[in-house]
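Take a look at the structure below.
What you are looking at is a predicted structure, and each value in this text was computed from that prediction instead of being measured. In what follows, chains are A, B, ... by sequence order, proteins preceding strands, each numbered from 1.
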Amino acid sequence: MKWRVRVLVRLKEGLNDPEGRVIGNALRNLGYKVEDLRVPKCFEFTLESERPEKEVEEMCKRLLANPLIHTWEYTIEPVK
Amino acid sequence: MKWRVRVLVRLKEGLNDPEGRVIGNALRNLGYKVEDLRVPKCFEFTLESERPEKEVEEMCKRLLANPLIHTWEYTIEPVK
Amino acid sequence: MPRFAVIVFPGTNCDFETVEAIRKAGGKAERVWYKGSIKDYDGVVLPGGFSYADYLRAGAIAARQRIMEEVREFAEEGKPVLGICNGFQVLTESGILPGALRPNKIPRFICRWVYLKVVDTNTAFTRLYEPGEVIKMPIAHAEGNYYIDDPSKVRIVFQYSDEKGNITEDTNPNGSVLNIAGISNEKGNVLGMMPHPERASDRFLGSEDGLRVFRSMVEWVKR
Amino acid sequence: MFPHEEKYIRERLGREPNELEWAMLEVMWSEHASYKSSRPWLKLLPTKNEHVILGPGEDAGIIKFDDETWIVAGIESHNHPSAVEPYGGAATGVGGIVRDVLCMGARPIALLDPIRFGPLENDRNRYLFEYVVKGIADYGNRIGVPTVGGETEFDESLDNYTLVNVACIGIMRPEHLVHSYVTEAGLKLVLVGNRTGRDGIHGVTFASEELSENAEEEDRSAVQIPDPFTEKLLIEATLEAVYTGKVKALKDLGGGGLTCAASEMAGKRGFGAIIHADRVPLREPGMNVVEVMISESQERMLFAVRPEDVEILGKIFEKYGLEWAVVGETIEEPRFIVYWKGEKVADLPIDLLTDVPTIKWPLKEYRAEEEVETPPISLEEAFEKVWRSPNIIAKKWIWEQYDHEVQGRTVVKPGFDAAVLKINDEYGLAFVADGNPRHSCLNPYHGAMGAVAEVVRNLVSVGARPMALIDNLNFASPERPEVYWTFAETVRGLADAAKAFNLAYISGNVSFYNEVVDKPIKPTPVVAGLGKVKLEVIPKGPRRGDLIAIVGE
Ligand SMILES: Nc1ncnc2c1ncn2[C@@H]1O[C@H](COP(=O)(O)OP(=O)(O)O)[C@@H](O)[C@H]1O
């Protein structure tokens, strides 16, 4: 079966996000009232799998995220 | 009012996407049946604004995306 | 003569000068494409560069390649394993060394000369330095910000310092915990460092301080 | 293309070209690909001295450093693309010049980036500046070629625009020289590297037009996403292929894409080529033959090899994970023939693509020099003004983002008069670029001479003996008589100055039509120089207590 997957990988709470800080500042400079800007990593793909949850969870642990510094979440939807 | 915003910025269809290609290959090497992997840019932040849609749309045009090569979408939810 | 493999991943770019530095240090070194094997060598070096263009996270994809299993065995057997810059990132990503290398505190690539304090001279790579000695080398990285949840868990080898060996926030170029520039495993046979010793191994290039990393490594194998 | 050119083409062919033929002619007859307005003048430049192995005419020039070492050099502008999309434009500019040097058979060892912008007070200029630097950094760093110097200038005349020039040098052994043209028929044409997409379609024609007000939102096809990962693999694979001795000709695909690379490769010595365009690996579905033939997708190279050697080279490309395909062959007959799914869809005399008639535009002299009063300003005030000018302050913010040390050769690092790269245990190569558009604007002849003299002084001040020059001429529309006159004067100045120093130009680039909304840029010749220096004699820099003296008038 085919699935449409989106993974979001975020830095753990408490770890600072230098890139997010710079972009946040840039937006504030343009006059927007932006706070706590973060730049999670996002991956979108099609997956052929019989056990998509298990495989996506594995992918995150094995490659897409670094468990020492990241948390992750994902959405999995069947491809029509 | 305060809003929780998530913006996704994607490369337009048809443009070369070396990063997506390389990460997709890496997952396939690990044995997953992954296709069309893309790496949109993701921004999450809190926004204080009276007209959040208008401002977020503006931010995308002015800074977060390059209209020439990107498309974007966002979700905006009130902060409880 | 001890033989070293310098592993080349797609995007590795400091392989030639690393081979040259090992040669100057009295060893023999060969570039080994990542699809090959390192079984016949006495030691291995993971050089700097941009393996897989640093996509995803620096070193992440290289760390999952088959050859890293051989590197892991090397490390466990007590043979010398040296990771420089991107090589250090590959070693942490593969879990051979603890911690993670995150984007610099100012999220930009930065190439500059820095001073390092040698705080541990009992590793395979630092035996020829004096304890506490201050040496000069260039850094060149965008993700060199060393992070570990519990710094007491690591063996610190190099710290960013000033000319006199003072370790302060000002001498920290990338935001690393405790100004860490290089760490080793418990046994001292695996070293990961962000600065480039191979770029400080020639009198015309600004410093020869880095050459002793390779000399130590060569002598350690001979011992 | 101008009406008289279209007429000429119809007469030569004796028929109306079809759509594909027009598209190919259009790119090849563009100013960018044909140098039709500049060629008559460029002839004035001296191109020979005792160091020159190969002068202008191929992808890059070559000088002899010593018996075992040749140095390859080239320079390129990427102005229009960078003004539209600074990150991708500047990055792919680096990629292009690196491949030019690579395709002579040399390993690229250093880059210089003379870059120019409008005043930083304007947000758009600041954006262009930051992203041009980031583009150069991200690309150069990832391919492992150090950017060892450059120039950065801010000038009101470049408001909302940018001039991005990049010079590259490479190192090679004489036996590895590969030319960009074939000297036999029956060779297979092998396309290697990135897949072909719709990138940069009409890029060269675009580069030969002035930017209109909304350039930013026009045509996304003018924009390219840089792929330094593939470029780095192309460098290694190409060199490994060259070292087999089996590469008969080699060209990179830049402006004009496959049409330009294949027709020039085949046509230069009077051969022809057949291209099977449907064999080109594609990135996007549904591309037509016109798009395939003129696409400017980056990070691609075209190899000519004997049929029996195709497999050997293919193995090398595969080792590096690069896609490749045989897309055509060279033929005896000097024609350029394109097939699409078995059907012949274009058939032109090859010289109609490669030998484009020159144009001489009207010239009109102008004088900008006038007597002015020195403004009444105190020394302190003047000093403050000069000292704080972005044109004067240190450029460390820029070159710290460049990996200027990679490859382990950078003896004299950025921040000095010229960079020096270690070539062997005894000698180094000094490399520097200079230009002075304000001077050129006042007096183009003197401005050009001044640029050459500055290059020479900078080389000498690191102890180097100058050997050769390369030049990049950034100008507005040649159809403006004053601009064309400044161009002619500039070339005259470059020529006379070089002759005075017994120097030769081994390569160069011309970029016309640098205008935004009808505002011409200042004449901007950029000159880069190469010199040889004994590593032992490089001045170490001043120490406290040294005396200062001025020599000269
Ligand atoms: N864009 C750039 N990239 C790299 N190095 C640069 C750049 N701009 C300036 N530099 C370096 O900064 C130093 C000073 O440059 P510049 O101000 O042009 O010097 P000068 O006034 O002596 O010609 C030189 O070493 C030059 O190579």
Side-chain angles (χ1 to χ4, degrees), chain A residues 1-11 13 17 19-66 70-77 79, chain B residues 1-11 13 17 19-66 70-77 79:
Chain A
M1 254 218 64
K2 285 207 174 184
W3 310 89
R4 199 61 208 153
V5 182
R6 176 190 294 166
V7 177
L8 279 180
V9 174
R10 296 194 179 81
L11 272 178
E13 284 294 327
D17 176 358
E19 197 188 347
R21 194 185 63 230
V22 169
I23 298 171
N25 285 340
L27 285 173
R28 280 188 288 277
N29 274 342
L30 291 176
Y32 303 106
K33 293 199 179 123
V34 164
E35 269 166 64
D36 297 329
L37 189 139
R38 295 237 149 191
V39 208
K41 292 208 178 124
C42 179
F43 308 92
E44 294 179 334
F45 52 91
T46 310
L47 176 68
E48 198 185 318
S49 167
E50 296 313 310
R51 296 160 309 170
E53 262 93 20
K54 182 171 165 294
E55 289 203 351
V56 172
E57 181 67 26
E58 236 178 59
M59 286 182 208
C60 290
K61 278 216 188 94
R62 288 177 70 188
L63 182 70
L64 298 179
N66 179 344
H70 292 134
T71 61
W72 53 88
E73 66 177 50
Y74 37 83
T75 56
I76 302 179
E77 279 167 24
V79 173
Chain B
M1 245 209 80
K2 283 211 176 181
W3 310 88
R4 198 61 208 153
V5 182
R6 177 192 294 167
V7 178
L8 281 181
V9 174
R10 296 193 178 83
L11 271 182
E13 283 294 324
D17 179 7
E19 186 174 9
R21 199 181 64 229
V22 167
I23 297 173
N25 282 339
L27 285 172
R28 280 188 289 278
N29 267 342
L30 292 177
Y32 303 105
K33 292 198 179 123
V34 163
E35 269 165 63
D36 298 328
L37 187 137
R38 296 242 147 191
V39 200
K41 283 192 198 148
C42 180
F43 307 91
E44 293 180 333
F45 52 90
T46 310
L47 177 68
E48 197 184 319
S49 167
E50 295 313 309
R51 297 161 308 169
E53 261 94 21
K54 183 172 164 293
E55 288 202 352
V56 172
E57 182 69 26
E58 240 178 55
M59 285 182 209
C60 290
K61 279 217 186 93
R62 289 176 70 187
L63 185 77
L64 300 178
N66 178 344
H70 294 133
T71 60
W72 53 88
E73 65 176 52
Y74 37 82
T75 56
I76 302 178
E77 280 167 22
V79 172

Inset, instruction - Start with the C-alpha distance between L30(A) and M59(B), add both sets of side-chain angles, then the distance that settles side chain to side chain contact (heavy atoms under 4.5 Å, CB included), and finish with yes or no. - result: CA-CA 9 Å; L30(A) 291 176; M59(B) 285 182 209; over 6 Å; no
Inset, instruction - Starting at CZ of F45(A), measure out to CG of L27(B) and round the result to the nearest 0.5 Å. - result: 6.5 Å
Inset, instruction - Quickly, which of E58(B), E48(B), E55(B) forms a side-chain hydrogen bond (donor to acceptor under 3.5 Å, both in side chains) with Y32(A)? Name it, please. - result: E58(B)
Legend entry - Worked check of side chain to side chain contact (heavy atoms under 4.5 Å, CB included) between V34(A) and V5(B): CA-CA 10 Å; V34(A) 164; V5(B) 182; over 6 Å; no
Legend entry - K41(A) with E19(B): basic N within carboxylate O range, under 4.0 Å: no
Inset, instruction - Quick one: pull up NZ in K33(A) and CD in E50(B) and give me the separation to the nearest 0.5 Å. - result: 8.5 Å
Legend entry - Shortest non-hydrogen contact from L8(A) toward C42(B): CD2-SG, 3.8 Å
Legend entry - Which atom of R4(A) lies closest to which atom of D36(B), heavy atoms considered: NH1-O, 4.4 Å
Legend entry - Residue part contacting chain A, namely of L63(B), when any heavy atom lies under 4.5 Å: side chain
